[in-house]
Peer 1: 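Got a structure here, written out as structure tokens. Questions coming.
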Amino acid sequence: QVQLVESGGGWVQPGGSLRLSCAAAGSIFSINTMAWYRQAPGKQRELVADITSGGRTNYADSAKGRFPISRDNAKNTVYLQMNSLKPEDTAVYYCNAVVVVVTIPLRTYDYWGQGTQVTVSS
């Protein structure tokens with residue numbers, strides 16, 4: 001019913017920047033929280049940052065001051081601007097959205113993107 005399509009991953013040298021985008025499409029009535037998670041090899045998936053429909057943000061300590069999250073509600077899109085990247089930021093980054101789907105009655109579901117690889121190395 002709803003798909004999340006991510007883009008913007010890739011390889012970057014330490015200190016560089018990348019911008020991730022995630023667009024939601026489908027039978028969307030509204031979107032509550034949108035978030036970015038990441039999973040490094042051999043580690044559990046962890047929250048990077050999230051943002052409510054009203055723009056309230058929440059960050060992991062590792063992302064504070066470096067990875068501002070933003071969203072465009074009109075486009076159902078969330079962004080993660082990643083600055084001052086470090087090798088330890090290397091991971092697969094996943095978009096997540098809590099979506100109210102157009103059904104009768106309205107129902108809320110949790111959706112995930114397919115993931116985009118971010119590699120930080122020299």
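The structure displayed is predicted, hence computed values, not measured ones.
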Peer 1: Can a donor-acceptor pair be found, under 3.5 Å and without considering hydrogens, that links the side chain of T90 to the backbone of V120?
Peer 2: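 A pair under 3.5 Å: yes.
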Peer 1: If you group Ile, Leu, Val, Met, Phe, Trp and Tyr by side-chain heavy-atom gaps below 4.5 Å, do I31 and V78 land in one group?
Peer 2: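 Cluster IDs for I31 and V78 match.
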Peer 1: Which residues pass the ring-ring contact (aromatic ring centres under 6.0 Å, His included) test with Y79, sequence neighbours left out?
Peer 2: none
Peer 1: Are Y93 and V48 close enough, and set up right, to give a side-chain contact (heavy atoms from CB on, under 4.5 Å), and what steps lead you there?
Peer 2: CA-CA 9 Å; Y93 283 71; V48 177; 4.1 Å; yes
Peer 1: For the CZ atom of R71 and the CD1 atom of I51, what is their distance to the nearest 0.5 Å?
Peer 2: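 R71 atom CZ to I51 atom CD1 measures 6.5 Å (nearest 0.5 Å).
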Peer 1: Taking side-chain contact (heavy atoms from CB on, under 4.5 Å) as the definition, give me every residue that meets it alongside D50, ordered by chain and number, with sequence neighbours left out.
Peer 2: T33, A35, L47, N58
Peer 1: So, do R66 and Q81 sit near enough that their side-chain heavy atoms are less than 4.5 Å apart?
Peer 2: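 No. Closest side-chain heavy atoms not under 4.5 Å.
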Peer 1: Taking all heavy atoms of Q117 and all of V92, pick out the closest pair and write down the distance.
Peer 2: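 Heavy-atom minimum between the residues: OE1-CG2, 3.2 Å.
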Peer 1: Quick one, Y94 with R45, criterion side-chain contact (heavy atoms from CB on, under 4.5 Å). Give me CA distance, side-chain angles, the key distance, then yes/no.
Peer 2: CA-CA 9 Å; Y94 295 92; R45 190 173 298 189; 3.4 Å; yes
Peer 1: Kindly compute the distance separating CE (M34) from CG (L80), expressed to the nearest 0.5 Å.
Peer 2: 12.0 Å
Peer 1: Roughly how far, to the nearest 0.5 Å, is CG of L4 from SG of C22?
Peer 2: 4.5 Å
Peer 1: Going by heavy atoms in the side chains, are Y109 and V99 under 4.5 Å from each other?
Peer 2: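 With C-beta onward as the side chain, the pair stays apart.
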Peer 1: Any donor-acceptor pair under 3.5 Å linking the side chain of T77 with the backbone of K75?
Peer 2: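 Here the side-chain-to-backbone pair exists.
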Peer 1: Show your working on side-chain contact (heavy atoms from CB on, under 4.5 Å) between W112 and E6 and close with a plain yes or no.
Peer 2: CA-CA 10 Å; W112 291 89; E6 299 148 343; over 6 Å; no
Peer 1: According to side-chain contact (heavy atoms from CB on, under 4.5 Å), who are the partners of S122, at least two apart in sequence or on a separate chain?
Peer 2: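 With neighbours one apart ignored, the set is P14.
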Peer 1: Is the shortest heavy-atom distance from the side chain of T116 to the side chain of L20 under 4.5 Å?
Peer 2: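 Yes, at least one pair of side-chain atoms sits under 4.5 Å.
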Peer 1: Taking side chain as C-beta onward, heavy atoms only, is V102 less than 4.5 Å from Q1?
Peer 2: no
Peer 1: Quick one: does N96's side chain have a donor or acceptor within less than 3.5 Å of a partner on Y111's backbone?
Peer 2: yes
Peer 1: Judged by atom type as modelled, is there a donor-acceptor pair below 3.5 Å linking the side chain of Y59 to the main-chain atoms of I69?
Peer 2: yes
Peer 1: If we only count heavy atoms from C-beta on, is the L85 to L18 side-chain gap below 4.5 Å?
Peer 2: yes
Peer 1: Taking side chain as C-beta onward, heavy atoms only, is N83 less than 4.5 Å from P68?
Peer 2: yes
Peer 1: If you define the side chain from C-beta out and look only at heavy atoms, does anything of D89 sit under 4.5 Å from R38?
Peer 2: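 Yes, at least one pair of side-chain atoms sits under 4.5 Å.
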Peer 1: Would you confirm whether the ring centroid of F67 sits within less than 6.0 angstrom of the ring centroid of W36?
Peer 2: no
Peer 1: Can you tell me how far apart CD (Q44) and CD (Q39) are? Round to the nearest 0.5 Å.
Peer 2: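 Between Q44 CD and Q39 CD, I get 8.0 Å after rounding to 0.5 Å.
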Peer 1: Report yes if the side chains of V101 and I28 come closer than 4.5 Å at any heavy-atom pair, otherwise no.
Peer 2: no
Peer 1: Rounded to the nearest 0.5 Å, how far apart are CG of L106 and OG of S27?
Peer 2: 11.5 Å
